[in-house]
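Below, chain A is the first sequence line, B the second, and so on; all start at residue 1. Bear in mind that the values here come from a model prediction, so they are computed numbers and not experimental data.
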Amino acid sequence: MKFGVVVFPGSNCDADAYHAFKDALGQPTTYLWHKDHDLRGVDCVILPGGFSYGDYLRSGAIARFSPLMREVREFAGKGGLVLGICNGFQVLLELNLLPGAMLRNKRLKFLCQYVTIRVENDKTPFTRKGTKGRVLRIPIAHFDGNWYAPLETVKEVEGNGQVVFRYCDSEGRLTEESNINGSLNAVAGLMNKEGNVMGMMPHPERAVESILGSEDGLVVLHSLLENIS
Amino acid sequence: MKARILVSFKDSVLDPQGQAVRNALHTLGYEPIRDVRQGKVFDLELGGISRTEAERLLPEVAAKVLANVVIEKYTWQILED
Amino acid sequence: MKARILVSFKDSVLDPQGQAVRNALHTLGYEPIRDVRQGKVFDLELGGISRTEAERLLPEVAAKVLANVVIEKYTWQILED
Amino acid sequence: MNTLHDDAVLARHNLTRGEYDLIAKLIGREPNLTELGIFSAMWSEHCSYKSSKVFLKDLPTKAPNVVQGPGENAGIIDIGEGRVIVFKIESHNHPSYIEPFQGAATGVGGILRDIFTMGARPVALMDSLRFGPLDNPKNRSIMEGVVSGISSYGNSIGVPTVGGEVYFDECYSLNPLVNVFCLGLAEKDKIFYAKTEAPGNAILYVGAKTGRDGIHGASMASQEFGEDTEAKRPNVQVGDPFKEKLLVEACLEVMERRIIVGIQDMGAAGLTCSTTEMPAKSGNGVEIDLDLVPQREKGMTPYEILLSESQERMLIAARPDQVAAVKEAFAKWDLDAVEIGKVTDGGRLTCRFHGKIIVDVPVSAVVDLCPAYNRPWKEPEIPARRRSGATIPLPKDSNDILRRLLSSPTIANKEWVYRQYDHMVQTNTALLPGAGAAVLRIRGSKKGLAMTLDGNGRYAALDPRTGGKAAVAEACRNLACVGARPIGVTNCLNFGNPEKPEVMGQFKAAVEGLSQACKAFGIAVTGGNVSFYNETEGIAIDPTPVLGIVGLLEDIDRVVTPGFKASGDTVILLGENTEEFGGSEYLEAVGSISGGAPPEVDLDREIAVQETLLEAISEGLVRSANDPSEGGLAVCAAECAFHSPGKIGFELDFSEDLRPDAILFGESQSRILLTVRPENAARVLEIAAKREVPAKVVGTTGGAALKIRVGGKLLVDLPAAEANRLWMDSIPKYFAATKSPS
Ligand SMILES: Nc1ncnc2c1ncn2[C@@H]1O[C@H](COP(=O)(O)OP(=O)(O)O)[C@@H](O)[C@H]1O
Ligand SMILES: [Mg+2]
């Protein structure tokens, strides 16, 4: 399975994602330059974390206008797999490929730490190697991860089972405290209705080697591998 | 031509930054400040277009780029010809 | 009473955000937008003070809390009594 | 008789009449105002080290692993397998006081440029911070601004901030310290230097446009400027981490492809510094046209263009046939590369402006001929070293003292700070903040890199020589506790006004102390930074030498962490408790004067203790290790409990004939608290005995309480969870008021 990691100016987890898919997962992986109009025949597009365009206007807001996003949109429209991590999630929201928007974390601070998230839906191309209810330990590092959407949207999203991950405590319980950034319904990961585009704030690519403290991110990576066409 | 676009959260969206500012002001004794909402201001320098064109351009730029209409609202005005 | 304080970098100070926005707008073909400076807007709700008191309070709050006058400038206005 | 500029002009340029006459002699005529500005900046304390040079000569700068010692943008150490590390520390104290957020942010930007300008990819940042006490809202807002400034720049550019330190003391209220360290990795055969190589090469300007930022306030000559120029010229720059991220990628790309010959960042003194230092190192000159320099503002004078300290700019020398490729590489990253001049022979800097030559000076005069001063110094008065018999009464309730210590901000957990920093980006951070040193894995190698920043201003204030020594000893000890051996040193020396003999005396003594310690450890100092004039209203900060020491782990899988691993493990103390209270947090906590002498540092003992630990680690015996520093043994042991999963408690038992408060809270040096499986205790004691290091079993891990007995009496008995809460909540509590309701 071939993975493509998009590089925007200001992306800074592009190399981490590349390393995770290429070395930890052992799959052919390539960088995709934001100014190109070519997805190089990849099976899955990764929008990595970082600060595309400095996040100066809003997180992900300027990156959405990159030339390559036309192809990404088409690719997603045709059912291609797209995974947005952190800033990549924010870009997907700005692109309207996922519903809602990100607000600043509830305590108005950048947060870098391990969190625990619960698999809410294991029937997705991103989680089929997980089990519903399983708790994963994966780091976050973001300022704007407080997911928000109007009430009707939230209802729809929940009704469709689009919530893939929620922040929880180590036992899998949803608590005020474990909802670290204040996201509505503790949303940590979200997919589109069709189920081929997912965004998540936690960084699975940071949790694929035991030397770094967790391998739980492999659940997402291994799941993707199951989708070989 | 000079123009200004203001972008701020819709009233229905919580504005924690504004609240933090208000709390800070209260701590410093500025009690009369009952509420604060924080937003962004963009001061634009326009050139080579007419006022009518600018009047079309500004809301377009505001809605398409400067504000995320899921959470934000905007106003615009031409300050100077 | 409603008031508004605008805070932005002094003209000679680099405004990376404004520049990034301007560059993005140019890429999108909004050439007439020659320059962008980005700042913050604070919409305040005041209570329990007179207009005269507000006129003293606002610049004080702006200079002491909302702006760092080393690099920022501010303007204020009362929008509504 | 040199009369072109009067005393007022010289004073504004911080130049003495004597220095001025020397300049006139060196260039064979009197300098015009722009040239005066150039000399003023380059001969400033910051750029020339004129007051510190004579004392810094003592520092050991050579060792077999040193590839580059002091004198370049950063030091370089060989770590084997064809790789080198490039690292350095810088202060940004004054700007951070005036504008905490931007001041600290641009400090990060500046140190990053020092590293990637040498061809290394920055892989880690650390920050050493000193603020006034947090009960003062002004200090809180400085801290809040500084931390978010560092976080904003480092996070955005994608270099993890993996460690650091924070101290609080009244002396930093009007003069906070912000020292930032950066480390980069490079291949040994791909290091770049600031050189111009040969006449005919092109000089390219890359990065942000030049504005009127940061033109040295004290050296401003206002006559030439319009009325409103002062107001227009901000002394604090705004950082643009996004632009710098592009600059990192573009610069590393042209270096990787070897399509440039030399490169230098534009830091202090901006274009002036880079256009003189680069040719000076190659014995060349440089000719530039100031009209070609990309400018952000209209109507800038040559003086302003040359002395601007706008951020995110670099100067490149390239062969004429390389220029097109360089421009193309920068264009890919949406950056301009503008050819502003060329390399000449004859060793002069000539600048053209509106067609006229307005600067023509020999670069060597600017760069190398600043006079060095042997300023008068006064040997510091050291309080009598008292090893016993503190005059303070014994504490009635040691639990209470421990509670106070754990919640003192200097000792309390610093998560409030480091969780605002992305410390994991680049996915190399094997040991996250929380331990005494950070550890990075090195891809494609078994080895690991450890790094730490340390310094204790209070010790240095009481006895600068010991303070310097102690900083080195503690830093190395922190490295040893994770299993690393020190390989290189950088340092940031924060002091008061060097024109005061007392301050100069402190400086001299501190440098001697740290120099002596580095020699004992056999490690070289590869660079650093001196920050003088840390005074406000005539009151100087405590002399604060901050050491940045990097260590190497031979086997990263053997990395040791401070947290207890299991109940029932045996706790061993290496080293010896003594009755030393001077400069301790304990004295501070009981409200006693922080007088006396700081704890003595016996370097032979220190090294023997660390070697014992390293040997035990290499045999795979050690389950956890931590060193008692601020707050002493009780705090040290408590930290091991807090870092353990499930907050494993301990029971320790001491029976020495010492004041109990000395055992619990004294800060005697050269001690390490470690745990082993019970069956391995004897072997550790054996290793210690072989090295003549005092070592003994002092207790076991387990239970849910922190328990310490001295002479049979249970003096400390606190539930681990409660103690942990005090330690965790102390700093966040101060900032709770500004928190938004969630
Ligand atoms: N300013 C800071 N930035 C990042 N990490 C910090 C900072 N201050 C403290 N830390 C981290 O908190 C931990 C404890 O620091 P400290 O108490 O100074 O350790 P030690 O006493 O062992 O030197 C360390 O891991 C350190 O890196
Ligand atoms: Mg320390």
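Highest contact tally toward chain B, considering only C:G48, C:A54, C:G47, is held by C:G47 [criterion: heavy-atom pairs under 4.5 Å]. Between chain C and the options B:V7, B:V65, B:V61, heavy-atom pairs under 4.5 Å are most frequent for B:V61.
Without hydrogens or angle criteria, C:Q19 side chain to C:D15 main chain gives no donor-acceptor distance under 3.5 Å. With hydrogens and angles disregarded, no donor-acceptor distance shorter than 3.5 Å links the side chain of B:R37 to the backbone of B:G18. Looking only at distances, a side-chain donor or acceptor of B:E53 sits under 3.5 Å from a matching main-chain atom of B:S50. With hydrogens and angles disregarded, no donor-acceptor distance shorter than 3.5 Å links the side chain of B:K40 to the backbone of B:A67.
Residue B:V36 touches chain C through both its backbone and its side chain, counting heavy-atom pairs closer than 4.5 Å. Looking at B:I33, the atoms closer than 4.5 Å to chain C (heavy atoms on both sides) sit in the backbone and in the side chain alike. With a threshold of 4.5 angstrom between heavy atoms, C:R22 does not approach chain B through any atom at all. No part of C:I5 comes within reach of chain B, as not one of its non-hydrogen atoms sits under 4.5 angstrom from that chain. Of the two parts of C:L46, the backbone and the side chain both hold a non-hydrogen atom closer than 4.5 Å to a non-hydrogen atom of chain B. With a threshold of 4.5 angstrom between heavy atoms, C:L44 approaches chain B through its backbone and through its side chain. Residue contact with chain B, scored on non-hydrogen atoms closer than 4.5 Å, involves the backbone and the side chain of C:F42 alike.
In this structure, C:D43 does not pair ionically with C:K2, as no charged nitrogen and carboxylate oxygen lie closer than 4.0 Å. Salt bridge status for C:R56 with C:E60: absent, with no side-chain N to carboxylate O gap under 4.0 Å.
Rounding to the nearest 0.5 angstrom, the gap separating the CZ atom in C:R34 from the CG atom in C:L25 is 13.0 Å.
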